[in-house]
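Since the structure comes first, as structure tokens, the remarks are kept for the end.
Residue numbers start from 1 in every chain, and the chains themselves are labelled A, B, ... in the order their sequence lines are given, proteins ahead of strands.
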2 protein chains.
Amino acid sequence: MKEETHDKRKCPSHLSTTECTKMLLPVKDALDVLSGKWKLQIILSLTFGKKRFKQIQREIPGLTPKMLSKELKELEINQLASRHVYDTLPVSVEYELTTYGKTLKPLIGELHKWGSTHRKRIIAGK
Amino acid sequence: MKEETHDKRKCPSHLSTTECTKMLLPVKDALDVLSGKWKLQIILSLTFGKKRFKQIQREIPGLTPKMLSKELKELEINQLASRHVYDTLPVSVEYELTTYGKTLKPLIGELHKWGSTHRKRIIAGK
DNA sequence: CATAGTGGTTTCCTTTTGTATACCGGTATC
DNA sequence: GATACCGGTATACAAAAGGAAACCACTATG
């Protein structure tokens, strides 16, 4: 009797289950962009201006060149950071948040807001 | 000559580097709460009402009982979902988003918003 | 008695993620 | 000539996350 009828408790009436999960794809995209052990710290570092490779590494204790290289590549692929090579000798390379990368700020702000109250709630024990 | 002076390009003038990274802790907390391959889908599922264990599992293809169990425990620990055992025979267990869990909605909304435009931008190729 | 459904746990395995360490070509410094 | 800085890469390994399958006690159905 519940053959083809849509269960409203499962999904909003105008959406199929697959449409629901499709809705989650953009959320996962946003999450992916910020995921990784060092990405937030790197983004924060670039928030305060252009930085060179070793400079970032020095600022973030424990960050190995391999990870820094990898995370910077991901930021570049997502067009959040840009890489500029200057043919000085030896070459110098500068990384910078793109204007697009700066659009992350309000989002990170929201994460910070929710995370702060959550942190208080959990640490408080109740 | 730049001995003890604070570099404004590294961190805002009123914050030390360690204070900066401390600022990131709440952001990481928020990210952690939503991380994990299945958590978003489970939260979405619970958004539409109380659900039983097997019911959630049936709704989300590929989700094994081990993972579901683990993710639900994490949601419980974070007070985002609650678990109710009814001593029917055999026992039935219902999971539900707490009112606190529902405070995630606007945050997920923001992630969705940013993620959508990002998805378009990256898929478009530029 | 066999089968299926309830809410899970256990064990073993693979994949992903991150760490540690050494190394590269080039230049500048001691 | 040895050392150190630059921007990384390569190799090997450890830890964490996730998947597959079997299993548990219990009940209800055929």
Subject >> First of A/Glu71 and A/Leu89 reached from the 5' end of DNA chain C, by closest nucleotide >> reply: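 In this pair, the answer is A/Glu71.
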For [X] and [N], what is the distance between atoms [atom1] and [atom2] respectively, to the nearest whole Å?
X       : N      : atom1 : atom2 : result
B/Leu34 : D/dA17 : CG    : P     : 15 Å
A/Leu68 : D/dG7  : CG    : P     : 10 Å
A/Trp38 : C/dG18 : CH2   : P     : 10 Å
B/Lys51 : C/dT6  : NZ    : P     : 15 Å
A/Gln57 : C/dA20 : CD    : P     : 12 Å
B/Glu94 : C/dG7  : CD    : C1'   : 13 Å
A/Ile56 : D/dC6  : CD1   : C1'   : 14 Å
A/Asp87 : C/dT27 : CG    : P     : 12 Å

OP1 or OP2 of [N] sitting under 4.0 Å from any side-chain N/O of [X]?
X       : N      : answer
B/Arg58 : C/dT6  : yes
B/Lys37 : C/dT15 : no
B/Ser69 : C/dT9  : yes
B/Tyr86 : C/dG7  : no
B/Lys54 : C/dG8  : no

Subject >> From B/Lys37 atom NZ to B/Ile60 atom CD1, the distance as rounded to the nearest 0.5 Å >> reply: 12.0 Å
Original post:
Do B/Glu59 and B/Ser45 have side-chain atoms, one donor and one acceptor, less than 3.5 Å apart?
Top reply: yes
Original post:
Ignoring hydrogens and angles, does a donor from either the side chain of A/Lys66 or the base of C/dT19 sit under 3.5 Å from an acceptor on the other?
Top reply: yes
Subject >> Parallel, tilted or perpendicular: ring planes of A/Tyr95 versus A/Phe53, cut at 30 and 60 degrees >> reply: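 A/Tyr95 vs A/Phe53 ring planes: tilted.
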Original post:
Once the angle between the rings of B/Trp114 and B/His118 is folded into 0 to 90°, is it parallel (under 30°), tilted (30 to 60°) or perpendicular (over 60°)?
Top reply: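 It falls in the parallel class, under 30°.
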Where the side chain of [X] is concerned, which of [options] is the nearest nucleotide?
X       : options               : answer
A/Arg52 : D/dG8, D/dC6, C/dG8   : D/dC6
B/Met67 : D/dG18, D/dA20, D/dT9 : D/dG18
B/Phe53 : C/dG8, C/dG18, C/dG26 : C/dG8
B/Val93 : C/dG8, C/dG18, D/dG7  : C/dG8

Subject >> Whether B/Ser82 side chain and B/Thr98 backbone form a donor-acceptor pair below 3.5 Å >> reply: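 Not a single qualifying donor-acceptor pair exists.
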Original post:
Which is true for B/Gly62 with a 4.0 Å heavy-atom rule: it touches a base, it touches only sugar-phosphate, or it touches nothing?
Top reply: nothing
